[in-house]
Every structure is written in structure tokens, then in C-alpha cells.
**Student:** 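I'd like to ask you about the structure that follows.
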Protein chains: 2
Amino acid sequence: MTDDTPARRRKAATIRDVAQAAGVSTATVSKFINGGQRFTREVEERVTTAVRELGYSSNPMARGMITGQTGNVGIVILDICNPHFTSLVKGSSRVAERAGLNLLFTDTAEGHTPELTMLQALSRRVDGIIVSARLSEAAIEWLKHSGLPVIYYGGQQPDPACYSVGVDNRAAAQMLGRHLRDLGHRRISYVGFSGARWSSERWKGLQDAFDGSDGVLRLFDVESAVADEGERIASSVLLCAEPPDAVVTYNDLVALGLLGQAQLLGLRVPDDVSIAGFDNIIYGRYASPALTTVDTASELTGETAMQRLIERIRGDAAVSGGGHETLASRVIARGSTARRAPGR
Amino acid sequence: MTDDTPARRRKAATIRDVAQAAGVSTATVSKFINGGQRFTREVEERVTTAVRELGYSSNPMARGMITGQTGNVGIVILDICNPHFTSLVKGSSRVAERAGLNLLFTDTAEGHTPELTMLQALSRRVDGIIVSARLSEAAIEWLKHSGLPVIYYGGQQPDPACYSVGVDNRAAAQMLGRHLRDLGHRRISYVGFSGARWSSERWKGLQDAFDGSDGVLRLFDVESAVADEGERIASSVLLCAEPPDAVVTYNDLVALGLLGQAQLLGLRVPDDVSIAGFDNIIYGRYASPALTTVDTASELTGETAMQRLIERIRGDAAVSGGGHETLASRVIARGSTARRAPGR
DNA sequence: TTGTAGGCGTTATCAA
DNA sequence: TTGATAACGCCTACAA
């Protein structure tokens, strides 16, 4: 049995239907809906009834046309499958929901649409937007020029008029480096991801940590920050002439891949080599050994970014002038890092 | 240095501005923008220029008011932090982007807003919606009544007029059960999640697999399908009087938690007990031993659901009448399941 | 406290 | 091929 007609969307009741049913003007209904005014008990009751019976709710597009607000906020994510970004979305989503805003989600990893085109399309459908600080220069420039409220997540925007939220990557890496140094490690390899601006910050932080020591740091690079790449680069990093005591990777995904592959290559972690990443994704706990990492406040980043965005949209006076909000990070030491074996 | 004014959004050029600049009527510009008509070279050139110089793009809300289309599609996710759903979103997102549709994302796990209220608000902002088959009866009823194009993911909707997409959970579980049976396992425990309708399908599938054998199946239940719960229930499942040869869990997250805890309790996996889950989340590969699982076509589910939704929105004739689309699933055997030890 | 009327930016209809 | 004009549903002065 099939439908006689393709399910057609029933036309919703309009404010006029309500006005008529309640025997008042549309203006009265509008004011009633949007609150902030008092009415006769009589009118109030009739309107309430009419709204309920007709199941009325105002048309967001019609309202938007005149208020200039869409009721939506946008978020542009590099790769939703990275748990770091997943948590970020979770945090943003929660805050948006509380504020009664809808979240327009975009994943750019596919990159079918050029970044700029995508932003231009999105910008007409949202009141503000949260984007990665890794956006292209052209896109950032266009955003600035557009006047759309924007919050950047991840790194800090050089332009002081921009708002951004994230951890201090250099300081975070320095903490991790210090941890490794305290464990007696001297030969450190960093598997960076030059596609992210702040990978170099993390590299600098590591260097800071070993400043004035006899530590030897070496730099590698992956083409994308995923587990596969960690697997791919494992042998280059681990089986070289003078192998490292410890390896730090750009993020936990790369670390997970590296960790798995290291074991397949016959290395014992952490006895032969310590491994650590960034982001504190939950799955690091379920690797074996559990992965040492640096928490980069993923969910809090999302929450904070959304809060700042909403403030900007609402135009709260206190929050003018841009600036970077630094979130606290912390090292989470687990089984994948340990004191360097004496004989090693 | 602060801004003199709160960044004000510059008012975008309207179709009238373009018409004036090009010396034509707004109707002409509209037709030109929306294509599908031919113009004098002269007009075409003037309009093109005006559009470019003014950086014009049409106002989606104004357009939506008259076309009745929003250009948005909604997706309602139970918990974006579950990689299964993350992949689903990824698939949907890609297809939506290709079709030029924006994705309105909602995560219900927080549940601040009642399901029905959330759907009602969302329904006015989208042309169609993808939701979990785990939605409440009331919500499903309301959706049917609304006439909004809906695709359910996960389980099959009983109502044949509804569209749904997902794997055959019973058959999938039967395959996994068969795998375990072939490995010589006889005492099987299933850690289900009664919060999901299709957990019982999986339970039935397992029973099917051991039908007519001397297998003994036992049922447990978690309150939420996350790794923590897998950890929590581990001792109850594994340390009982007659411990199981193998444990199947509702999904990989629970399995991961259970796996980690099993090892902390001193059990060797898979020597002492085999463990398997559902969904084939990527992190199962990085557990140790790697997790045996059943692939539930997460990303394909998202893609397919979005394709069907778009067909429904566009009103393609061929796709009337509803129905369930079954996606193929497959067992992915890894290290966490192995032949039952002889002496066990 | 309530109503009237104008306009938001666009598309669709119909006439030129 | 092009243009005038009427909606679309709502909000907001302003008037009553």
C-alpha cells in the first residue's frame, strides 16, 4: 500500500489565522507572542487558545526578514571524525541550544566547495560563526571585512581585533617536554603537522623544555593528522640510526597510529620508547599502554567560543575589542611514557 | 585599542541595488540569478557586472518566504561523541554539501529541551530531517502528522509509510554469533542496552546463531552505551560463578570499556575470554588486542539517509511509499576473539 | 490596550 | 526578452 499523494507538507497556520480565530489584529498576536506587553485577560485567553488550537508558531524566515536575525549560528569544523573537534562541537552545541539558537554545521575536510564560497553562502544564514584559526588567509580577510561576528578556535589570531579561544600551545608543549625531560629522556622526536599553524608552537614549546640541557630534538612531519599517518611514519621515526627515547606527536590520533605500529615493529612501549600526543581524546585511555597526552580543553573550547559568539551577537557592551582567551591545559601522564631505562 | 563601535554587520546589497546599478528591473535580475532564461548580451553583461561589483548574493530568508524552501536539512543525533554517529554525520554532511544544502545539527543527549519542542522548532527551519529511529513515540507521531520529509536511521520504523535506513541488526548479530560459535564458544554473555530498540534485535540474532546448539546465553544491560558503563559492568559479567567464554556488547564503546577492565581484572583477552562489539569504530583497531566488531555501515547510513531525504524533498516520483533500506553489515574479526582454549 | 498600514527582499504571474 | 506588481508572513511605528 502506497500513499495516494507524495506526502505534502501541510501549510502551517499564519499569524493572520490566529488573529482571525481570536478576533484580534495581527499586531496584537505578534506582541503577545513576542511578550513584553500586557493584555486584557479576555484577549490573552482568546489568543492563547487560538495559538494552541491552530498549533501556531511563527515563521522564522518571515521574522528574520524584519529583525535581521536568523536564529542560527554556524560552526565550521575541519574534520568531525577527529574526537577533538567532536567534543568541540558538543560543547558549542550545548551552549547554542541553551540560548535557543540552531547550529549550522559544516565539515570542510571534504573540500568540495572552496572555503570562501562556503563561507559566503553560510554567512547569509547565520547571525555569527565559529571557525578554525587554520582558515586560509583569504577566508579570514573576507570574514573580517564582512562584519559577521566570528570566533576563531584553536590558535590565536594575529589581528587583535579578532576573537579567538584556545590553549597556549607553546606552554602546553613545554609542560609535556618537561615531563619527558624529568623522566630522563634526552633524544626526543616530534612528529608535527605543518598543516596546522600551531604545530610549530608545540615544537617551540618542546624546545623550550630542553633548553640548556643536552637534549637532542628532531622534527618530522605528517601530511594529515590522522592515525594512518602515524602508522605510516612509524618506521622512519623509530628505526633510524639513533632512535629516540621519546616521541611526541601533533595529536593523539597520530600517536595512536604510531603506538600501534611501534608495537608491531617489535618495540616495547614505554620501555623502549615513550610516546605522547595532544588533545586527550578518550580513546587514548583504551590503547595499551594508555596514552600520555596533553588535555587541550576540547569541549570547553567549544563552549567558550559559543558563549563569546553569543555575547557578540547580542552586542553586549562589555565585550568589545577582540582578543584571545587562553584556556588551561594540562599534562595527563599515563602508561605510554615512563622513566628511561638505565641501560638504554 | 578597542573598536569605536561594536562591529556592526554591513547591510548587504539587495536585488534592487543590483537592478538599479544595471539599469534593469528586479524581475530581470531575479531571473538572471536563478538561471534558466536567456538574455540580451547587453543585459547579461550589465547584470553580471553589477552583481560582482556589489558582491550581491540573494537573501535566503526572503527567497525562502516565497519558495517555501529553507535550503536547510536537519539531523538529530543522540550523542555526537559516539564515533558511530560521528561517521553518520560525516556521510550526511558530504551529501548535503554536494546538493547545496546546509546541515542543521542537533545533539539530543543533553536533553535540556524536550524532544518534541526541539523538533517543532527545528521543523520550521528545514526542508526535511534525519532522525534516530530511537525517537520517542510521541515525537514520531508528531513528525508523521507534520508532513515534513523524514528519514529514520538505525532501526526500521514499524509504519510502512515511514522511510528508514540501517543494517539488519538481527542478521548482523547472527553472523557475529556464528563466528563465536565456530570458534568453539558455548557460554555467551550479551551486554545489551535496552535504551535502544534494536538491542533486542541483536540479542535475538545471537540466539538464532546458537539455536539447536548446547550454547548458553546470558543477558546483561547497561544504562547508557558508553565505555564507562562497559567498565562498570565488567566484574558482574566476567567474574560470576560460571564465567562466559565470550562477551558481545551492544556497541564498541561498551566493548572497549569492558576490554580494558577485563585486563585490569587479570583476565587475558582472548585467551580467557573473547570480546566483540558493534559499529566498527576506528578506535577498536587501536585497542590491544584489537577489537572484533560488526561493521554497521555508519558513514554509508548517513549518506544514504541524506540521499533519500533529498529525493523526498525534491519530490522525485520514483520514491513514494516509504520503506526500509537495509544496508549490508559484516563481521570484522580481530584479535579480541579467538578459538576457545581447549582446557578452558 | 489595541488596530492600521507599510515594508523587509525575493519570486512568480502576467502583460508588454 | 523584459518589466510591473502582487504576494510570502511577520514586526513595528504610529494612530486610535
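Atom set for the values below is all heavy atoms of this structure, side chains included, hydrogens, waters and symmetry mates excluded. Source: prediction; values computed, not measured. Letters A, B, ... mirror the listed sequences (proteins, then strands); counts begin at 1.
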**Student:** Apply side chain to side chain contact (heavy atoms under 4.5 Å, CB included) to A/Ile80 and B/Phe105, showing your working.
**Tutor:** CA-CA 12 Å; A/Ile80 188 62; B/Phe105 167 88; over 6 Å; no
**Student:** Taking it one step at a time, do A/Asn72 and A/Leu101 satisfy side chain to side chain contact (heavy atoms under 4.5 Å, CB included)?
**Tutor:** CA-CA 5 Å; A/Asn72 301 325; A/Leu101 291 167; over 6 Å; no
**Student:** Using whole Å, what does the distance between atom C1' of nucleotide D/dC11 and atom CZ of A/Phe32 come to?
**Tutor:**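 Answer to the nearest Å: 17 Å.
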**Student:** Does a salt bridge link A/Arg94 with B/Asp107, judged by any charged N lying under 4.0 Å from a carboxylate O?
**Tutor:** no
**Student:** Along nucleotides 5-16 of chain C, 5' to 3', which nucleotides get a B, which get an S, and which get a -, given that the test is a protein heavy-atom distance under 4.0 Å?
**Tutor:** ---BBBBBB---
**Student:** Which residues satisfy the side-chain hydrogen bond (donor to acceptor under 3.5 Å, both in side chains) test with A/Thr106, sequence neighbours excluded?
**Tutor:**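 Expected list: none.
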**Student:** Are the charged groups of B/Glu44 and B/Arg41 less than 4.0 angstrom apart, N to O?
**Tutor:**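 Between B/Arg41 and B/Glu44 there is no salt bridge, as every charged N stays at least 4.0 Å from the carboxylate O atoms.
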